[in-house]
Amino acid sequence: MKMRTLPIFLAFFIMGFGDAVGTLVAFAVREFNISKGAAGLLPFFGFLAYAILSVPVGVLADKKGKKFVLVLGLMIVLVGEFLPVVSMSHYAYLVFAIFLIGSGMTILQVAGNPIMRDVSDPGKYSRNLTFAQFIKSIGSNTAPYVVPLVVSLGFVWTKIFSIYAVVVFITLLIVLGLKVKETSQDSAQTPVSLASSFRLLREPYVFLMVMGIFLYVGAEVGLNSWIATYLKDSYGLDIDKMATLGIGFFLSALAIGRLLGSVILSFMPPKKFFMVTSLLAVLSLLGMCASVKMIAIAAVFLAGLAFANIFPLIFSILIDSKPEKSGELSGLLCMAIFGGAVIPYFMGLIADRFSIQASFILPLLSFLFITYLAFKSLRAASPAAAAGS
């Protein structure tokens with residue numbers, strides 16, 4: 001990997017800071033004496049930014065350039081991280097700061113995923129994007145360790161924002177020095193706009209891939225949200241101890257899977273790997289239904305390994321199919337991340353109405369669809385197969 005990829009990898013590390021919101025919820029409940037429902041606004045507003053901003057930012061990336069948008073995202077994240085340092089007298093300030101951070105993270109995702117193609121050597125985009133997701137997972141895992149450390153040293157928990165602000169500022173300076181030749185739209189094509197972006201959804205393959213991201217992110221967040229409850233209700237594990245280890249297994253497996261994926265993609269074509277990992281995900285979800293406790297726990301770990309590379313694979317495969325539309329496609333794909341707020345909610349409704357076990361049918365159905373998508377992509381990989389379809 002060449003040095004020009006380093007600033008983009010650092011940007012992905014920053015993206016992981018957005019996942020700190022889940023860790024901060026419990027601290028917010030105690031600090032502001034609010035209900036769990038009110039505290040739930042923190043992750044909701046983070047996902048809301050993806051739904052609102054992704055497509056407009058994709059248009060902006062095509063008009064102004066992906067580096068310009070990447071810098072803009074880092075600046076907004078920096079402001080969001082700085083606000084809690086200045087004032088934290090009311091919960092509304094924290095919610096606004098999280099929305100700003102979520103908005104910045106959305107902008108980073110929209111610009112960062114396609115610009116990785118511009119800094120990657122030919123044929124290495126999927127591998128580099130997968131490794132970037134591994135770097136992002138390292139950033140995601142900072143909060144569960146850094147926040148308790150900050151508190152144990154006698155500082156208030158909001159000090160985490162100061163630490164993150166310093167890292168974001170350093171990354172911003174490095175990205176400003178990045179020189180990259182970006183893939184641009186053909187001037188003969190229709191000018192980029194919100195309408196042209198949404199018009200791409202009329203193409204069946206684009207629509208299916210965007211739905212794939214929606215379902216994948218929803219399934220991943222759903223498992224992360226409900227694994228502990230599932231293990232408690234299904235196998236009687238103590239939710240405060242053993243059941244929560246399921247979350248640890250899942251998150252650790254995600255990080256390991258992304259690292260392994262970046263290695264595997266050095267010798268396996270992305271579309272073939274997409275099929276393999278999708279089938280493994282279906283197998284893991286079926287394994288969670290096993291009556292044997294250890295098989296179910298092993299299936300949780302396998303799910304993390306299998307889930308790990310779905311996002312970068314869908315993203316890179318679609319962008320590679322239409323590189324001249326990278327900004328618009330990135331906006332649509334990032335908008336679909338809002339699935340992380342939708343599917344876990346419906347899993348909760350199903351769990352209330354029937355059982356937590358019944359709610360896991362949603363991730364399973366999601367991955368059956370994704371497996372179909374992988375099969376469709378694999379067929380398109382072969383000119384002979386494509387001609388016969």
Side-chain angles (χ1 to χ4, degrees), residues 1-16 53-77 104-136 139 168 171-192 196-197 200 206 209-210 213 258 261-262 265-266 269-271 309 311-335 337:
M1 298 179 186
K2 295 186 177 180
M3 286 301 295
R4 66 173 181 264
T5 61
L6 178 60
I8 311 303
F9 284 129
L10 287 174
F12 272 86
F13 182 71
I14 299 298
M15 291 179 206
L53 297 176
S54 294
V55 175
V57 171
V59 173
L60 182 64
D62 268 322
K63 291 181 178 296
K64 293 289 189 178
K66 293 183 278 289
K67 178 186 172 181
F68 172 86
V69 172
L70 196 69
V71 169
L72 176 64
L74 287 168
M75 292 175 66
I76 293 175
V77 172
M105 296 300 177
T106 301
I107 295 170
L108 290 180
Q109 285 271 13
V110 173
N113 286 290
I115 202 174
M116 180 60 80
R117 186 178 191 275
D118 296 328
V119 300
S120 297
D121 291 332
K124 302 300 182 184
Y125 177 37
S126 292
R127 185 198 68 180
N128 286 351
L129 191 57
T130 297
F131 187 73
Q133 290 294 321
F134 167 69
I135 298 297
K136 178 178 178 290
V168 173
T171 301
L172 175 60
L173 294 179
I174 295 174
V175 170
L176 282 171
L178 174 67
K179 297 184 183 301
V180 55
K181 182 179 180 182
E182 298 185 21
T183 302
S184 58
Q185 185 194 39
D186 189 334
S187 59
Q189 293 179 336
T190 304
V192 174
S196 69
S197 296
L200 287 171
V206 173
M209 294 292 264
V210 170
I213 291 290
R258 285 164 182 163
S262 66
L265 284 166
S266 296
K271 293 181 180 180
N309 301 292
F311 183 94
L313 285 168
I314 293 177
F315 216 107
S316 61
I317 289 170
L318 184 58
I319 295 294
D320 270 339
S321 72
K322 291 178 176 289
E324 75 284 358
K325 296 284 188 180
S326 61
E328 292 170 289
L329 291 174
S330 181
L332 292 171
L333 290 166
C334 288
M335 180 183 68
I337 292 175

Output the distance between atom [atom1] ([X]) and atom [atom2] ([Y]), rounded to the nearest 0.5 Å.
X    : Y    : atom1 : atom2 : answer
M105 : I337 : CE    : CD1   : 12.0 Å
M75  : L172 : CE    : CG    : 7.0 Å
K66  : D118 : NZ    : CG    : 4.0 Å
I213 : M335 : CD1   : CE    : 11.5 Å
I135 : M15  : CD1   : CE    : 12.0 Å
S330 : M116 : OG    : CE    : 12.5 Å

ask   = Hey, is the main chain of A111 close enough, under 3.5 Å, to the side chain of K67 for a donor-acceptor pair?
value =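 Checked: no pair found.
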Can you tell if the side chain of [X] reaches within under 4.5 Å of the side chain of [Y], non-hydrogen atoms only?
X    : Y    : value
L129 : F311 : no
F13  : T171 : no
L313 : L265 : yes
I14  : L108 : yes
L72  : V57  : no
V175 : L10  : no
I8   : I115 : yes

Nearest heavy-atom pair of [X] and [Y]: which atoms, and what distance?
X    : Y    : value
V168 : L74  : CG1-O, 3.5 Å
P114 : F315 : CD-CE2, 4.3 Å
T130 : G261 : CG2-C, 3.8 Å
S197 : V55  : CB-CG1, 3.7 Å
S54  : C334 : OG-C, 3.3 Å
A11  : L70  : CB-CD1, 4.3 Å

message = Working note: F9 + F131, criterion ring-ring contact (aromatic ring centres under 6.0 Å, His included); need CA distance, chi angles, decisive distance, verdict.
response = CA-CA 8 Å; F9 284 129; F131 187 73; 5.3 Å; yes
query = Given V206 and K325, is the side chain to side chain contact (heavy atoms under 4.5 Å, CB included) satisfied, shown in steps?
reply = CA-CA 11 Å; V206 173; K325 296 284 188 180; over 6 Å; no
